[in-house]
Novice: 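Below you'll find the structure I mean.
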Amino acid sequence: MGAIRTQQKAQSAMAVSGPEAAASFKDLVVNSLEDDKAQAVSVIELAGKSTLADYMVIASGTSARHLSAMSDHLVERLKAGGATKATVDGKDQGDWVLIDAGDVIVHLFRPEVREFYNLEKLWNTGSTASAAVLETPDEPQSEGASH
């Protein structure tokens with residue numbers, strides 16, 4: 001049933017363009033990863049943060065073999081959906097697989113590698129979080145003083 005849902009998403013991704021296509025490919029990626037039992041699937045919207053892509057999807061696999069299988073299935077589904085230029089890097093190492101599908105970038109990690117690089121923290125820092133970080137050095141100096 002899950003493979004049918006993923007195939008339907010692939011077909012709908014071919015029928016749209018622009019931001020709608022990016023959202024369709026993102027949905028296709030998430031459904032594919034869920035079908036393949038990926039762990040802790042996380043989607044980060046990059047629009048307004050970067051021109052690299054519209055979405056970044058991060059997920060964990062249980063082993064190098066699991067990452068390899070997920071990446072193979074995902075690339076097949078992306079190509080069926082019209083992402084003809086999907087490229088894969090890092091599959092041979094088995095710790096971190098990067099799939100660049102244009103508007104959607106996918107990072108597949110083994111859990112310990114994902115924890116080490118912590119991409120969610122890096123990319124989820126919005127403008128309010130950045131402002132809070134910038135204000136942190138002034139806090140010790142401003143104790144007791146009002147702004």
Novice: Evaluate the criterion side-chain contact (heavy atoms from CB on, under 4.5 Å) for residue pair Asp72 and Lys91; output intermediate values, then yes/no.
Specialist: CA-CA 9 Å; Asp72 287 344; Lys91 187 174 142 186; 2.4 Å; yes
Novice: What's the separation between atom OG1 in Thr62 and atom CE in Met70, rounded to the nearest 0.5 Å?
Specialist: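 These two atoms lie 7.5 Å from each other.
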Novice: Distance from Ile105 atom CD1 to Ile99 atom CD1, nearest 0.5 Å?
Specialist: 11.5 Å
Novice: Please step through side-chain contact (heavy atoms from CB on, under 4.5 Å) for the pair Leu119 and Ile44, ending with a clear verdict.
Specialist: CA-CA 10 Å; Leu119 293 183; Ile44 300 170; 5.8 Å; no
Novice: Do side-chain atoms of Ser24 reach the backbone of Glu20 as a donor and acceptor pair under 3.5 angstrom?
Specialist: yes
Novice: Measure the spacing between OG of Ser71 and CG of Asp36 and express it to the nearest 0.5 Å.
Specialist: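 Answer rounded to 0.5 Å: 9.5 Å.
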Novice: Quick one: side chain to side chain donor-acceptor pair (under 3.5 Å) partners of Ser60, sequence neighbours excluded?
Specialist: Arg114
Novice: What's the separation between atom CG in Leu52 and atom CG in Asp100, rounded to the nearest 0.5 Å?
Specialist: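 Here the rounded value is 8.5 Å.
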Novice: Could you report the tightest heavy-atom contact between Ala53 and Gly102, atom names first, then the distance?
Specialist: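 Heavy atoms of Ala53 and Gly102 come nearest at CB-O, 3.5 Å.
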Novice: Can you list every pair that meets ring-ring contact (aromatic ring centres under 6.0 Å, His included) and has a residue in residues 50-84, with sequence neighbours left out?
Specialist: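 Pairs touching residues 50-84 that pass the test: none.
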Novice: Looking at Gly90 and Val97, what are the two nearest heavy atoms and their distance?
Specialist: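 That would be O-CG2, 4.0 Å.
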Novice: Find the distance between CG (Leu67) and CG (Leu74) and round it off to the nearest 0.5 Å.
Specialist: 12.0 Å
Novice: Checking Glu112 now: which residues fulfil side chain to side chain donor-acceptor pair (under 3.5 Å) with it, not counting sequence neighbours?
Specialist: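 Once residues adjacent in sequence are excluded, the partners of Glu112 under the side chain to side chain donor-acceptor pair (under 3.5 Å) criterion are Arg110.
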Novice: Looking at side-chain heavy atoms only, is the closest gap between Phe25 and Val104 below 4.5 Å?
Specialist: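 A side-chain contact exists here, since the closest heavy-atom pair is under 4.5 Å.
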Novice: Taking atom NZ of Lys79 and atom OG1 of Thr84, what is their separation to the nearest 0.5 Å?
Specialist: 8.0 Å
Novice: Which class fits the ring pair Phe109 and Tyr117: parallel under 30°, tilted 30 to 60°, perpendicular over 60°?
Specialist: parallel
